[in-house]
Amino acid sequence: MTPGVSRAGYRGAVGGRFVRAVRLAPDAPAAGYPYDLPAVRALAGPRGLVLDRPVTFLVGENGSGKSTLVEALAVATGFNPEGGSRSFRFATRATESDLGRHLVVSRAPGAPRNGFFLRAESYYNVASEIERLGVGGYGGTSPHERSHGEAFLDLVTHRFGPRGLYLLDEPEAALSVRGAMAVLARLHELAGQGSQFVVATHSPVLLALPGAAIVQLEEAGPRRVGYDEALPVEATRRFLADPARALRQLLD
Ligand SMILES: Nc1ncnc2c1ncn2[C@@H]1O[C@H](COP(=O)(O)OP(=O)(O)O)[C@@H](O)[C@H]1O
Ligand SMILES: [Mg+2]
């Protein structure tokens with residue numbers, strides 16, 4: 001077992017450090033986008049989506065609503081819907097759903113000291129804002145002069161820190177497999193330093209983070225699953241176990 005990590009999670013961690021749960025407000029619409037998505041069903045019920053570990057992963061098929069959920073959580077906790085840290089206020093095009101305004105967030109006492117919301121699709125605009133505000137805290141190089149993967153590694157290495165709240169949507173999009181392993185190690189370090197993460201991901205590498213919760217968004221409803229059961233792990237394993245057979249099934 002990894003040092004500092006018990007079976008239940010990180011030593012001394014009692015629930016999500018900053019956000020303990022998030023649920024739909026009673027006045028939220030009952031149907032229509034995004035209220036009928038599997039991800040939003042995870043917010044229904046008296047407790048809603050419980051975030052009781054330093055790291056919570058959201059997994060599910062394309063279109064299950066992971067991005068919608070992470071974005072709404074970002075809006076409800078005070079981030080710019082287009083991404084960045086809490087001080088980012090730039091706006092290029094408002095595309096966020098109104099879900100963020102219909103969430104009840106149960107917070108733990110104490111405010112995060114740091115934070116970042118990484119959107120899957122729009123890092124370019126965040127990079128421009130970082131360049132405008134100054135690259136000092138980001139490793140010293142403009143993210144526009146780094147590859148997407150390098151810029152993301154700069155971000156988690158230099159800009160993320162202890163006692164932060166980080167909402168990440170498919171951070172692996174930019175990363176090589178080794179890059180994902182480096183990010184796994186950094187997330188583990190930051191989780192041990194009092195940070196909280198909610199991460200939508202398809203990466204079997206990131207999902208291996210010790211002590212993390214994995215919430216799988218399925219048509220039938222959300223379900224907590226173990227590593228071996230998680231869709232990205234199960235599907236990747238099945239493919240790699242016999243690529244020729246998988247290809248026959250796919251291509252015939
Ligand atoms: N503005 C919108 N209006 C209507 N439907 C939308 C809108 N944005 C996204 N959707 C739909 O919501 C679903 C969930 O999208 P998304 O949260 O991006 O899923 P995921 O991140 O899990 O792949 C998709 O089927 C998408 O087509
Ligand atoms: Mg998405």
Side-chain angles (χ1 to χ4, degrees), residues 19 22-25 28-45 48-51 55-77 79-84 91-103 105 116-127 148-149 151-152 155-156 165-175 179-180 183-184 187 197-207 209 212-225 227 229-236 239:
V19 180
V22 52
R23 64 187 158 83
L24 267 186
Y33 171 81
Y35 298 93
D36 37 22
L37 292 174
V40 178
R41 254 177 272 142
L43 303 167
L49 176 67
V50 175
L51 305 173
V55 182
T56 303
F57 289 114
L58 304 173
V59 301
E61 281 304 342
N62 295 129
S64 58
K66 303 177 298 297
S67 296
T68 304
L69 179 53
V70 174
E71 176 189 88
L73 193 53
V75 169
T77 53
F79 289 93
N80 182 353
E82 292 201 36
T92 47
R93 177 166 173 245
T95 56
E96 72 271 18
S97 73
D98 68 358
L99 178 61
R101 291 192 295 277
H102 292 286
L103 293 183
V105 177
F116 209 90
F117 166 40
L118 178 92
R119 285 181 66 104
E121 302 93 354
S122 63
Y123 191 67
Y124 184 89
N125 297 333
V126 170
H148 188 190
F152 182 67
L155 184 72
V156 297
L165 173 62
Y166 303 99
L167 309 175
L168 313 178
D169 191 8
E170 293 188 31
E172 72 275 12
L175 299 170
V183 169
L184 163 72
L187 260 51
F197 292 84
V198 179
V199 185
T201 189
H202 298 294
S203 167
V205 172
L206 289 182
L207 288 170
L209 191 96
I214 304 175
V215 178
Q216 189 150 293
L217 306 166
E218 300 176 349
E219 277 301 328
R223 197 160 67 90
R224 280 223 187 190
V225 296
Y227 181 74
E229 246 186 310
L231 268 174
V233 176
E234 204 259 332
T236 306
F239 187 91

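Numbers here are sequence positions counted from 1. Order of appearance sets the numbers: ligands from 1, and atoms from 1 within every ligand.
- Close N/O approach between E170 and ligand 1 is not found [any backbone or side-chain N/O within under 3.5 Å].
- Close N/O approach between L37 and ligand 1 is not found [any backbone or side-chain N/O within under 3.5 Å].
- For the pair S67 and ligand 1, the shortest N or O to N or O distance falls below 3.5 Å.
- Taking CG of L37 as the reference point, atom NZ of K66 lies at 10.5 Å (rounded to 0.5 Å).
- Among the backbone and side-chain atoms of N62, no N/O/S atom is found under 2.8 Å from the Mg ion (ligand 2).
- Residue F197 forms a side chain to side chain contact (heavy atoms under 4.5 Å, CB included) with just one option from L168, L167, L51, L165, and that option is L168.
- Close approach of ligand 1 to T68 is summarised as follows: ligand atoms under 4.0 Å from at least one heavy atom of the residue are 15 (O), 16 (P), 17 (O).
- Within the structure, ligand 1 lacks G60 among the residues with a heavy atom less than 4.0 angstrom away.
- At least one heavy atom of E61 sits under 4.0 Å from some atom of ligand 1.
- Under the rule for a side-chain hydrogen bond (donor to acceptor under 3.5 Å, both in side chains), the partners of R223 that lie at least two apart in sequence or sit in another chain are E218, E229.
- A side-chain donor-acceptor contact under 3.5 Å links E172 to the backbone of H202.
- Ligand 1 has S64 within reach: a non-hydrogen atom of the residue lies less than 4.0 Å from it.
- Contacts between D169 and ligand 1, counted as non-hydrogen atom pairs separated by less than 4.0 Å, are absent for every part of the residue.
- Atoms of ligand 1 lying under 4.0 Å from any heavy atom of N62, numbered from 1 in the order shown and given with element: 23 (O).
- Here the side chain of R41 pairs no donor or acceptor atom with the backbone of L217 at under 3.5 angstrom.
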